[in-house]
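Read the structure below first, then the notes.
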There are 2 protein chains.
Amino acid sequence: MGEVPDIVIGRLPIYLRALKHLMAADKEFTSSQELGRILGIGSAQIRKDLSHFGEFGKQGTGYEISYLSDQISKILNVDRDWSVALVGFGDLGQALAHYAGFASKGFHIDIIFDNDPAKLGESAKGTPVLDVSQIGPIIAERKIRIAIIAVPASAAQAVAEQLVDSGIRAILSYAPITLKLPEYVRVQYIDPVTHLQRMTYYLA
Amino acid sequence: MGEVPDIVIGRLPIYLRALKHLMAADKEFTSSQELGRILGIGSAQIRKDLSHFGEFGKQGTGYEISYLSDQISKILNVDRDWSVALVGFGDLGQALAHYAGFASKGFHIDIIFDNDPAKLGESAKGTPVLDVSQIGPIIAERKIRIAIIAVPASAAQAVAEQLVDSGIRAILSYAPITLKLPEYVRVQYIDPVTHLQRMTYYLA
DNA sequence: TAGATTGTTAATCGATTAACAATC
DNA sequence: TAGATTGTTAATCGATTAACAATC
């Protein structure tokens, strides 16, 4: 089952988001059709995607929302908490450190690194800010697997390599640069400018 | 030529980013092979993608970096400045308002909206913060086409509809919710939690 | 039972890749 | 000229969609 297309994996968090939303609205059951309507995709795609992992619905009635939500959470390994390291405590890093959405979904920013001596010792919500020289020992000691990079593009590659050497296996990078890392490291990018440039093409 | 796949359009900003990077390093020529190495994709894909728009290279020598960069900028309509409206001036909105990367790429946040009276009149880099009730008149008057949404999920759909009614045609949304909008509106989403959840699947 | 919706198969559609003639 | 690399064609690969038997 390790052969599930990554594009399918990429849709599961979206399904999960919609399910949580329905749960919050006290709905008990849903269908691939309803989910498709909410998400603007085809119902067949949703059923096909889910079929990679098992059978979660019932003919005639659809899916029990809390059950499907639990199952997808398990598949994605988000039925547990994750410790996350944040590198970069500038404007963006500070905003990320304060963002409540991470912890509420089980991603806890437990340690922050920066290379500016003026920022060391500061803390966001009680999370300490350490010097980047501590990346190696701390990440290794705490066995942290996930990191968020919020440093300038010029520093990102070096930081990423350090993180991977220390044991990080998944990186969410806000630096506008494509990282060169071993293939066993998962990387996701967030670059708002890229998204904007993708849309201006369609603005005559 | 309106039939260029959106997935191809989505890669052009990445190509552009790599080209700017090479330019900054004072390189004059590149090849699909070199670009592919930098970006971790195949050279054939790059040539195929570019072929949708014309012929930009020379056999034997490849692409002149500044020329190709200019051409892609024109294709994406980023060879000009764009005025952008930001809605939401909380932690995230403020970080976005301070982010230098937008203006340097031609995206100017010229107006900010929030619904918290305490925040009105504040300003980020001289950009005023107005009440959300002003969205309609101001966006229409200034003919702004692009907006960034940084409000809570619960408010995002209503804000988006207001924006579209006022003339906005491209939205970059940070709200973790799928917006339901007319198909003539381009929408891009940024939800860091979704990206993290997509990676934990692979963390045994 | 009648109606609804699943999971899956097969068909369609589209994107990626390999290969190469053209040519700088 | 010899070497390199383009733009494009054709082949491959993979993802989406339509359709439907199974069944709640």
Side-chain angles (χ1 to χ4, degrees), chain A residues 1-16 18-19 22 27-72 75 178 183 198 201, chain B residues 1-16 18-19 22 27-72 75 178 183 198 201:
Chain A
M1 228 210 285
E3 16 55 48
V4 179
D6 180 63
I7 198 165
V8 172
I9 304 302
R11 281 191 291 261
L12 295 186
I14 307 295
Y15 298 166
L16 189 56
L19 290 166
L22 289 168
K27 290 209 56 176
E28 209 175 332
F29 290 91
T30 188
S31 64
S32 58
Q33 208 165 108
E34 182 177 49
L35 283 171
R37 230 181 302 115
I38 293 174
L39 300 172
I41 61 181
S43 63
Q45 180 163 82
I46 293 171
R47 294 197 302 279
K48 188 96 217 284
D49 284 353
L50 295 178
S51 76
H52 285 99
F53 307 97
E55 311 194 352
F56 307 106
K58 238 199 275 243
Q59 286 100 327
T61 55
Y63 304 93
E64 195 193 334
I65 293 170
S66 68
Y67 175 72
L68 183 55
S69 171
D70 283 353
Q71 292 303 305
I72 295 182
I75 292 165
T178 301
E183 31 99 338
R198 181 180 186 156
Y201 172 80
Chain B
M1 227 209 283
E3 15 58 48
V4 179
D6 181 63
I7 197 164
V8 172
I9 304 302
R11 281 191 292 261
L12 294 186
I14 306 296
Y15 298 166
L16 188 56
L19 291 166
L22 289 168
K27 290 209 55 177
E28 210 174 331
F29 290 91
T30 188
S31 64
S32 58
Q33 208 165 107
E34 182 177 49
L35 283 171
R37 230 179 302 116
I38 293 172
L39 299 172
I41 61 180
S43 62
Q45 179 164 81
I46 293 171
R47 294 197 302 279
K48 186 97 217 286
D49 284 353
L50 296 177
S51 75
H52 285 99
F53 307 99
E55 310 193 352
F56 307 106
K58 237 199 278 243
Q59 288 99 327
T61 55
Y63 304 92
E64 195 194 334
I65 294 170
S66 68
Y67 175 72
L68 182 56
S69 171
D70 283 354
Q71 293 302 305
I72 295 181
I75 292 165
T178 302
E183 31 99 340
R198 182 181 184 155
Y201 172 80

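Predicted model only: the values in this text are computed from it and were never measured. Every chain is numbered from 1 and lettered A, B, ... according to where its sequence line falls, protein lines coming before strand lines.
- Between the CG atom of Leu50(B) and the C1' atom of dT6(D) there is a distance of 11 Å, given to the nearest Å.
- Contact check, Ser32(B) against dT5(D): no side-chain N or O comes under 4.0 Å of OP1 or OP2.
- Here the closest heavy-atom approach between residue Ile75(B) and residue Tyr201(A) is recorded as O-CD1, 3.3 Å.
- With Thr30(A) as the partner, the side chain to side chain donor-acceptor pair (under 3.5 Å) test is satisfied by one option alone out of Gln33(A), Lys27(A), Glu34(A): Glu34(A).
- At whole-Å resolution of the value, CG in Asp49(B) and P in dT6(D) are 13 Å apart.
- With contacts defined as side-chain heavy-atom distances shorter than 4.5 Å, the pair Ile41(B)/Ile14(B) does not qualify.
- Shown here for Leu16(A) and Ser69(A), the closest heavy-atom pair between the two residues is CD1-O, 3.5 Å.
- Smallest separation of non-hydrogen atoms from Ile65(A) and Leu19(A): CG2-O, 3.5 Å.
- Pairing each heavy atom of Ile9(B) with each of Arg198(A), the nearest pair is CG2-O, 3.7 Å.
- Between the CD atom of Glu34(B) and the P atom of dT5(D) there is a distance of 10 Å, rounded to whole Å.
- Toward the 5′ end of DNA chain D lies the nearest nucleotide of Gln33(B), the other residue of the pair Gln33(B) and Thr61(A) mapping further downstream.
- Between the NE2 atom of His52(B) and the C1' atom of dT16(C) there is a distance of 11 Å, given to the nearest Å.
- Using a 4.0 Å heavy-atom distance criterion, Ser43(A) is classed as making no nucleic acid contact.
- Contact of the Leu50(A) side chain with the Ile72(A) side chain is registered, since non-hydrogen atoms from C-beta on lie closer than 4.5 Å.
- Taking both residues in full, the closest heavy atoms of Leu39(A) and Tyr15(A) are given as CD1-CD2, 3.6 Å, listed atom of the first, atom of the second, then distance.
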Short heteroatom pairs, N/O only, protein and nucleotides 18-22 of chain D, under 3.5 Å:
unit_1: dA19(D); atom_1: N6; unit_2: Arg47(A); atom_2: NH2; d: 3.2

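- Atom CG of Leu35(A) and atom C1' of dT6(C) are 13 Å apart (whole Å).
- In this structure, the nucleotide among dT6(C), dT16(C), dG7(D) sitting nearest to the side chain of Ser51(B) is dG7(D).
- In the helix from dG3(C)-dC24(D) to dC24(C)-dG3(D), the rotation axis of the first five pairs and that of the last five pairs differ in direction by 20°, rounded to 10 degrees.
- The nearest whole Å value for the distance from the CD atom in Gln45(B) to the C1' atom in dT17(C) is 9 Å.
- When the C1' atom of dA4(C) is taken as reference, atom OH of Tyr63(A) falls 13 Å away, rounded to whole Å.
- Note on Gly42(B): nothing from the nucleic acid sits closer than 4.0 angstrom, heavy atoms only.
- Across Ile46(A) and Gly36(A), no two heavy atoms sit closer than the pair CD1-N, 3.4 Å.
- Put simply, CZ on Phe29(B) is 11 Å from C1' on dC24(C), counting in whole angstrom units.
- Side chain of Ile7(B), nearest nucleotide from dC24(D), dT16(C), dG7(C): dT16(C).
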